[in-house]
Amino acid sequence: MLFKKIILGTFFILSGCGFTPLYYSNEGEVSQTEQVLVAPIADYNGYVLKQSIENALNPKGINSPKKYILEVYLDNPMLSDQSIQGDNFASRKKITLTAKFKLIDKNTKETVLSSSTTALGAFNVFYEPYTTYQAEKRQTEDLVQIVANNISLRVAAYLKQKEVESESKTSSN
């Protein structure tokens, strides 16, 4: 019985804190994130990054008028030796993937958000080149997903903050 009261009390406390879900929009409304057009990104990793960002910002695939353009510049993965054995053979490599992005207001052509994100990973180096290639490829794919999540969260948070600020201005007037 006490447990039910604690759960019920927690529910009432959280319902009054002003929390709103990041990607939420009322039924029939288009959310801010669905109004972002992701510009094409070069190379295969760029294509995967673009698709991942679009899926995160517009999971339902709603075709709506676009207010913003998201430009992403993905650097090539940087490799560096991490663990070198006595015979000068690197048994592990570190991989760094960096992306710079900017969110542009389509009407004013003004950059409203500009930032960068970096993801780090590592993979084992094997004596068989194909196995090493597959390990590097898999790690790069994972890092692209991390970068996509970072970018989509930052864009969504910025748009939500802007939405909340505009709502507070209209309610105070």
For K94 and D81: C-alpha separation, side-chain torsions, deciding distance, then whether salt bridge (charged side-chain N to carboxylate O under 4.0 Å, His left out) applies. CA-CA 6 Å; K94 182 172 78 170; D81 293 339; over 6 Å; no
Spacing of [atom1] belonging to [X] relative to [atom2] belonging to [Y], to within rounding of 0.5 Å:
| X | Y | atom1 | atom2 | answer |
| --- | --- | --- | --- | --- |
| Y47 | K50 | OH | NZ | 8.0 Å |
| Q134 | F126 | CD | CZ | 11.0 Å |
| N55 | K60 | CG | NZ | 14.0 Å |
| Q161 | E163 | CD | CD | 11.5 Å |

Check for a donor-acceptor pair, side chain of [X] on one end and backbone N or O of [Y] on the other, with a separation under 3.5 Å.
| X | Y | answer |
| --- | --- | --- |
| N58 | E54 | no |
| T117 | N150 | no |
| R154 | N149 | no |
| D43 | N45 | no |

Of all heavy-atom pairs between [X] and [Y], which one has the smallest distance, and what is that distance?
| X | Y | answer |
| --- | --- | --- |
| A122 | Q82 | CB-OE1, 3.4 Å |
| V125 | K93 | CG2-CG, 3.6 Å |
| P77 | T140 | CG-CG2, 4.0 Å |
| L74 | A99 | CD1-CB, 3.9 Å |

So [Y] and [X], do their side chains get closer than 4.5 Å, heavy atoms only?
| X | Y | answer |
| --- | --- | --- |
| K102 | E71 | yes |
| S115 | F101 | yes |
| L79 | F123 | yes |
| K100 | D75 | yes |
| E34 | L57 | no |

Quick check: are there more than 12 heavy atoms from other residues, nucleotides or ligands sitting under 6.0 Å from NZ of K66?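 Yes, because the 6.0 Å sphere around NZ of K66 holds more than 12 heavy atoms from other groups.
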Exactly one of V36, L113, N107 should register a side-chain contact (heavy atoms from CB on, under 4.5 Å) with Y68. Which one does?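 Filter result, single survivor: V36.
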Which residue, L97, L120, L49, forms the side-chain contact (heavy atoms from CB on, under 4.5 Å) with L143? L97
Establish whether I151 and V112 are linked, either directly or via other cluster members, by ILVMFWY side-chain heavy-atom contacts under 4.5 Å. yes
Hits for salt bridge (Lys or Arg N to Asp or Glu O under 4.0 Å) against E136, two or more places apart or cross-chain, chain-then-number order -> none
Tell me, with the steps shown, if Q35 and S64 meet side chain to side chain donor-acceptor pair (under 3.5 Å). CA-CA 6 Å; Q35 299 175 0; S64 63; 5.5 Å; no
Worked check of side-chain contact (heavy atoms from CB on, under 4.5 Å) between I146 and V144: CA-CA 5 Å; I146 291 169; V144 167; over 6 Å; no
Pair D105-K109, salt bridge (charged side-chain N to carboxylate O under 4.0 Å, His left out): steps then yes or no: CA-CA 5 Å; D105 187 314; K109 306 294 186 220; over 6 Å; no
Give the C-alpha distance, both sets of side-chain angles, the deciding distance and a yes or no for side-chain contact (heavy atoms from CB on, under 4.5 Å) between L70 and I53. CA-CA 10 Å; L70 180 64; I53 294 171; 3.8 Å; yes
Begin with the C-alpha distance, continue with both residues' side-chain angles, and end with the deciding distance and a verdict on side-chain contact (heavy atoms from CB on, under 4.5 Å) for Y158 and Q32. CA-CA 10 Å; Y158 169 80; Q32 293 278 353; over 6 Å; no
Full working for side-chain contact (heavy atoms from CB on, under 4.5 Å) between V72 and V147: CA-CA 11 Å; V72 181; V147 167; 5.9 Å; no
